[in-house]
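Count residues from 1 along the sequence. Just so you know, these numbers come straight off a predicted model, no measurement behind them.
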Amino acid sequence: MNKNNRILVTGYKGQLGFDVVKELKNQSCQNVLGIDKDDLDITDEKKVNEFIKEYHPNIVIHCAAYTSVDKAEIESETAFKVNSYATKYIAQACKEIDATMMYISTDYVFDGKGDKFFEVDDKKNGLSVYGRSKSEGEEHVKKILDKFFIIRISWVFGINGNNFVKTIIRLSESKKEKITVVDDQIGSPTYTKDLSFLISQMIKTDRYGIYHATNEGICSFYEFALEIMHMINSETEVIPIKSEEYRKLVLNQAERPLNSRLSKRSLIDNNFSLLPDWKDALKRYIFEELKYKEK
């Protein structure tokens, strides 16, 4: 990647988009433009085409997405507009100007059955509107472009936005004595700061294809919550609960994959560095970014 390349990052106000722009600028990339929905309606094909042609980026990192998993079940049309059709419009515009596209996808494209690590070419069978709409976005990118990266991530946390870590800390600070967290959804947390560095390295190459990128190690959401509480020295008790039981307590939830284990074989085969262990990432996030003092 030439430092003079023009790079367009969508979803700039989101957790990942924010850190991607920050990382690229830290690496002295001269022409990085982060945009959000106030700057461009990505569901408008004409506007997308005009905007991308005018800015004429060499690389588009498409982080923008409809990510309200539960709400997507009701607002399915909007979810598909943003996650599928908008992705198609961006891919088409990239094709016209010969730009590389990086599409950020999700573990939700899989059904989460079994306990094996999903490979990049395993059959997809998303359980939710969110998962199916993101899967469709992937298919558009693969069909339209030759120069593309698709990166599937899971359980994202970063400084710019809401996430599981901030929610657990907030519940602890509200002096709750007990909280319940599901213990049968297994996956890997992903720190946007670590992921952004990997992205910055990927776009310097032409090692195109589909990748899984999360921090190393696996845990349940229950174990994730326990580790957060431990790090902030909280006395709030974390009670494990099965997803099926939790869905009875909290109505109108989308079905989520129980198994979000993602194989990193494609990263290894293409000589990309794996992300640090999730506990290391969580510690850095809490104490460096959220400014907690270690006790």
message: Between Asp280 and Glu216, is the side chain to side chain contact (heavy atoms under 4.5 Å, CB included) condition met? List the steps.
response: CA-CA 9 Å; Asp280 172 80; Glu216 286 299 286; over 6 Å; no
Ring-plane angle category for [X] and [Y], please: parallel below 30°, perpendicular beyond 60°, tilted otherwise.
X      : Y      : result
Phe110 : Phe118 : parallel
Tyr108 : Tyr130 : perpendicular
Phe224 : Trp155 : parallel

How long is the span from the [atom1] atom in [X] to the [atom2] atom in [Y], to the nearest 0.5 Å?
X      : Y      : atom1 : atom2 : result
Leu171 : Ile179 : CG    : CD1   : 5.5 Å
Leu258 : Lys242 : CG    : NZ    : 9.5 Å
Lys46  : Asn49  : NZ    : CG    : 9.0 Å
Cys63  : Leu8   : SG    : CG    : 10.0 Å
Ile203 : Ile61  : CD1   : CD1   : 4.0 Å
Ile228 : Phe157 : CD1   : CZ    : 8.0 Å

Is it true that [X] and [Y] have a side-chain N and a carboxylate O under 4.0 angstrom from each other?
X      : Y      : answer
Arg247 : Asp70  : no
Asp98  : Lys147 : yes
Glu50  : Lys47  : no

If we ignore hydrogens and angles and just use 3.5 Å, is the side chain of [X] paired with the main-chain N or O of [Y] as donor and acceptor?
X      : Y      : result
Arg6   : Tyr55  : yes
Ser200 : Leu24  : no
Thr10  : Ala64  : yes
Asp36  : Lys13  : yes
Glu235 : Glu177 : no
Thr180 : Ile239 : no
Thr167 : Asn163 : yes
Asp183 : Tyr222 : no
Arg152 : Val120 : yes
Asp111 : Asn125 : no

May I ask you to check whether over 12 heavy atoms, not counting those of [X], lie within 6.0 Å of atom [atom1]?
X      : atom1 : result
Asn270 : CG    : yes
Lys116 : NZ    : yes
Glu119 : CD    : yes
Lys166 : NZ    : yes

Tell me yes or no: between the side chains of [X] and [Y], is some donor less than 3.5 Å from an acceptor?
X      : Y      : value
Tyr191 : Glu289 : yes
Lys134 : Thr106 : no
Ser154 : Asp107 : no
Ser196 : Asp19  : no
Gln92  : Glu96  : no
Gln15  : Thr192 : no
His140 : Ser84  : yes

Restricting to non-hydrogen atoms, name the atom on [X] and the atom on [Y] that form the minimum distance, rounded to 0.1 Å.
X      : Y      : result
Ser220 : Glu223 : N-OE1, 2.8 Å
Glu136 : Tyr85  : OE1-CE2, 4.4 Å
Glu138 : Tyr103 : N-CE2, 3.4 Å

Identified side-chain contact (heavy atoms from CB on, under 4.5 Å) partner of Met102 from the options Phe148, Tyr208, Tyr211, Phe149: Phe149
Could you state whether [X] and [Y] fall into the same hydrophobic cluster, counting links through intermediate Ile, Leu, Val, Met, Phe, Trp or Tyr residues with side-chain heavy atoms under 4.5 angstrom apart?
X      : Y      : result
Ile210 : Ile59  : no
Leu33  : Ile104 : no
Ile97  : Val60  : yes
Ile150 : Leu267 : no
Leu16  : Phe272 : yes

Quick one: are [X] and [Y] in side-chain contact, heavy atoms under 4.5 Å?
X      : Y      : value
Met202 : Ile151 : yes
Pro276 : Arg284 : yes
Leu40  : Ile52  : no
Val156 : Leu195 : no
Thr78  : Lys71  : no
Arg256 : Val182 : no
Asp146 : Lys95  : yes
Asn215 : Lys279 : no

Working for side-chain hydrogen bond (donor to acceptor under 3.5 Å, both in side chains), residues Tyr246 and Gln253: CA-CA 9 Å; Tyr246 190 74; Gln253 287 189 70; 5.5 Å; no
message: Taking transitive links into account, so neighbours of neighbours count too, which hydrophobic residues share a cluster with Leu127 at under 4.5 Å side-chain distance?
response: none
- request: Take Lys124 and Ser135 through the side-chain hydrogen bond (donor to acceptor under 3.5 Å, both in side chains) test and state the conclusion after the steps.
  value: CA-CA 8 Å; Lys124 297 185 294 178; Ser135 180; 2.9 Å; yes
message: His212 vs Phe117, test: side chain to side chain contact (heavy atoms under 4.5 Å, CB included). Steps then yes/no.
response: CA-CA 10 Å; His212 293 160; Phe117 283 76; over 6 Å; no
- prompt: Would Arg170 and Glu173 count as a salt bridge (charged side-chain N to carboxylate O under 4.0 Å, His left out) if you check the C-alpha gap in whole Å, the side-chain angles of each, and the deciding distance to 0.1 Å?
  reply: CA-CA 5 Å; Arg170 186 174 67 248; Glu173 290 176 338; over 6 Å; no
message: What verdict does the side-chain hydrogen bond (donor to acceptor under 3.5 Å, both in side chains) test give for Thr214 and Lys264, after you've listed the backbone C-alpha separation in whole Å, the side-chain angles of each residue and the deciding distance to 0.1 Å?
response: CA-CA 8 Å; Thr214 67; Lys264 314 297 171 44; 2.9 Å; yes
